[in-house]
Amino acid sequence: MITLNHICKTYGKEKKIAVNDISLSVNKGEIFGLIGPDGAGKSSIFRILTTLLLADSGTATVDGHDVVTDYKHIRKSVGYMPGKFSLYPDLSVEENLKFFATLFNTSIRENYHLIKDIYMLLEPFKNRRAGKLSGGMKQKLALCCALIHKPTVLFLDEPTTGIDPVSRKEFWEMLKRLKKQEITILVSTPYMDEASLCDRIALIKNGKILSINTPDHIIKDYPDNLYKIKSDVIYTLLKDINLHSNTQSCFTFGEFLHVSFLSDTESMQQELLNYLSKKGHLNIVMEKTVPGIEDCFIHLLKKPA
Amino acid sequence: MKQFLSFVKKEFLHALRDRKTLLILFGLPIVQILIFGFALTNEVKNSKIIIVDQAQDMASQQLITKIEASRYFEIEKEIVNPKAIEAAFKEGKIKMAVIFPDNFNHDLLHQNKSAIQLICDASDPNIANTLSNYIAAIVGDYQTELNQNAALPYQIIPETRMLYNPQLKGVHNFVPGVMALVLMLVCVMMTAISIVREKEFGTMEVLLVSPFKPMLVIVSKAIPYLILSLVNVASILLLSVFVLELPINGSVLLLFAESTLFIITCLSIGILISIRVASQQIAMLISMMGMLLPTLLFSGFMFPIENMPWPLQILSNIVPAKWFYIIVKSVMIKGLGFQAIWKETLILSGMSAFLILVSLKNFKIRLA
C-alpha cells in the first residue's frame, strides 16, 4: 500500500538531515506505527507521503501512485491528519465536517457508517465551535474529517500527542475498528506504550530506521535478560548501579529501574545486591522482567551502527 | 462547483465571525469618511488674525469691516502698538497681522496709493499663502468699489469659475482618496492575512491533500472579499451622497465597474503577498507599510503628485491607487464617461493581469 525507497530529505541551506535513507513498506489493511522521539523525522515522512514535500532523493508510492508524478491521485484517495490541530476553530463541529465532506465531493450521509462510532461522541457538541472543544474531542473531530471521504490510506501524524490517557485509549480503539474496514493506517507517535497496539512498527531516530518488525518480534529480539530493581531512594540507586562495573544499561522506568548486566550470572547478581546494601540501600527488590518497546528502543539507540 | 461554493461560504463565515475583521471591514470606511468629512479638513477658515490700525480713518475702518465680514477670518483683537505684534505671534494663536500705516486714507486719496503690511505665520506655508491671497482679494474688491465712479480706461477682470466643485469643498478631494485607501487596505490586508492564516493554522496542509485545486483555494478566498469590498464601496458612496452631500455626477454603474477592477488589482496584490510570506504578522506589516504608505503618499490624494521631484513622480505610476483616484475623480466629481478614463482603466487591468501572472508563477502546490 505504501512503499518508501531510499528516501532522503534535508532542510535549509545547512542541509540539516531530517530523513536519512529510509526504506519501508506498509501492507494493505495494516496499522503501521512510526515510533520515535520528537525530531526523529516522522512528520517529514508523512509530508513526503502526502505529497506535501518533495524528497531530495529516493522514491515513494502510496496505493500504487508515485508521490511526485501522481500526486493528484494520492490527494484524492488518502486521509491526512497533521500533527498540529488543523481544522477551523471558528467553525462549528458540524460545519467543519460538512466542509471537509464537500471538499472531497462527498456528503456526511454517504460515509456516515465510517465515522458513526466517533461522531456519536461528538454529536452533543455539534454546534460548538471547534476551537472550544477539549483536546481529545478536537482529535476525534479531526479524525472524522480525515475519514469522511472513505480514504484507502489514513495518515495520522501524532494523533494522540497532548491528549489524556483515556482519550488516547479510545482513539486507538477507533483505529482498531477502522482497520476492520480495510483502511491502511500509518500512524506516528512518541509514546512507546502505543507501539504495541500497531501491527508493525518502525523505530526511528535522527531520520534513520533502527528496526522494523512486529512489536512482539522487536521485543523478542531484545538480547539480554532484563531486571527491574527498586529501593527506597531511587535516585541514588540509579547512580550507584551505573557506577557498578557489571552494569550494561540502567534506566528509570516508572517506579523501577530497568537494568541489564554484562555478565548475567547468579553470583554477579548477588554481588550487586551486596554492593547496594553496602551503599546503604534499604528494601531492595530485584526481579526479572519482560522488556517493553521502550527498552528495545533504548537498546537499539546504544548499539553501535 | 459545489466544492467551490462551500469554500466561499466558509470564507464568509470566517470573515463574519471575527469581530476584528468586521470592524476593519465596515468600521474603517465609515470612520474614515466621517473623520475626513467633519474633523480633518484642509480648508482655511476662521483663522485668527490681529489688526494694527494706526490710521483709524475711513478707508481703514471700511476695509476692517470687510475683513471681519469674511468667514475666513476672525479678528482676535485690534491693537495700536506695533511692538505687541511679535508677542502675539509668539503666543501661537495668531496666523496673520494686518497693519494699516498712519495716514492710510490720506495717502490713498492724495498720492493715489497706499500700503498695507501683512505679516504671516509661515510655519505652515500653505495657510500663510492662502490667507494673504484672501486679504489681497478683499483689498482688490474694495479698490474696485472705490473706482466705480472713476472708470479706469483699461481693465482686465479675471472671471473665475470653479468647475466641478464651485464651493471649493475639501470633500471632493478626499472621498475618492478614502475610497482608494479603504479598498487598498481591506482587500490587500484581509486577503493576505486570511490565506496566510491557513498556512499558520496548518489547515493549508489538509486543503492541499484534497482533490480541490490549490489555485482554487486562493480564488475562493478572494471572492468573499470582492463582495464585501463592493458593499464597502456602496456604503462609502451612500455616506458621501447623504451625509456629506457630494453628488455622484457620472454613471454609478461605471463607478462600480471601475471599483471592481481596482478591487481585483488589490486582491491580486494580497494574493501575491500571501503566497510569498509565512506568517500573519509579516503579511500585515507588508500590506500596511508596503501598501498603505505609498497609497497615502503617491495617490495624489494628500500631496499633489505634480509638485514632487521627478523620480517620485515616476514611482507614483506603479501605485494602483493613483490611477483609481483619477478614475473616481473623473467619474464621480467631473461626471465624465468611459472615454475619459480608458487609459487609467487599461493600466489597472494590466497591473492586475501582471500580478495574477506572477502569483500563478509563484504558487506552490506543495509546502515550502
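Residue numbering restarts at 1 for every chain, and letters A, B, ... go by the order of the sequence lines. Fair warning: this is a prediction, and the values are worked out from it, not measured in the lab.
Between the CD atom in B:Q3 and the CG atom in A:L103 there is a gap of 6.0 Å [rounded to 0.5 Å]. Rounded to the nearest 0.5 Å, atoms NZ (A:K84) and CZ (B:F201) are 8.5 Å apart. Within the model, atoms CG of B:L13 and OH of A:Y88 stand 11.5 Å from one another, a figure rounded to the nearest 0.5 Å. A distance of 7.0 Å separates CZ in A:F100 from OG1 in B:T203, rounded to the nearest 0.5 Å. Distance NZ/B:K2 to OG/A:S107: 6.5 Å, rounded to 0.5 Å. Summarising the geometry, atom CZ belonging to B:F212 is positioned 9.5 Å from atom CG belonging to A:N105; distances are rounded to the nearest 0.5 Å.
Other residues, nucleotides and ligands contribute more than 12 heavy atoms inside 6.0 Å of the OH atom of A:Y11. Counting non-hydrogen atoms of neighbouring residues, nucleotides and ligands closer than 6.0 angstrom, the CG atom of B:L253 reaches no more than 12 such neighbours. Atom CE of B:M284 sits in a sparse spot, with 12 or fewer heavy atoms from other residues, nucleotides or ligands closer than 6.0 Å. Surrounding CG of B:L226 are more than 12 heavy atoms belonging to other residues, nucleotides or ligands, all under 6.0 Å away. The number of heavy atoms from other shown groups lying within 6.0 Å of NZ (A:K208) is above 12. In this structure, A:E182 places its CD atom where only 12 or fewer heavy-atom neighbours from other residues, nucleotides or ligands lie under 6.0 Å away. The 12-atom threshold is exceeded at NZ of A:K176, counting heavy atoms of other residues, nucleotides or ligands nearer than 6.0 Å.
Salt-bridge check for B:K10 with A:E95: failed, with every basic side-chain N at 4.0 Å or more from each acidic carboxylate O.
Although no hydrogens or angles enter the test, the distance criterion places no donor-acceptor pair under 3.5 Å between the side chain of A:K98 and the main chain of B:S6. Using modelled atom types, one side-chain atom of B:R17 and one backbone atom of A:D90 make a donor-acceptor pair closer than 3.5 Å. Proximity of a side-chain donor or acceptor of B:R366 to a complementary backbone N or O of A:T51 within less than 3.5 Å is detected.
Note on A:M81, A:K76, A:K72, A:R129: by heavy-atom pairs under 4.5 Å with chain B, the leading option is A:R129. Across B:L5, B:V206, B:V209, B:L207, the residue that shares the most heavy-atom pairs under 4.5 angstrom with chain A is B:V209.
Under the side chain to side chain contact (heavy atoms under 4.5 Å, CB included) test applied with A:L52, the options B:M204, B:K364, B:E205 reduce to a single match, B:E205.
Residue A:T106 does not touch chain B at all, counting heavy-atom pairs closer than 4.5 Å. In this structure, chain B has heavy atoms under 4.5 Å from both the backbone and the side chain of A:L91. For A:Y71, the part lying under 4.5 angstrom from a heavy atom of chain B is the side chain only. Both the backbone and the side chain of B:F7 come within contact range of chain A, judged by heavy atoms closer than 4.5 Å.
The nearest pair of heavy atoms linking A:S86 to B:G202 is CB-O, 3.3 Å.
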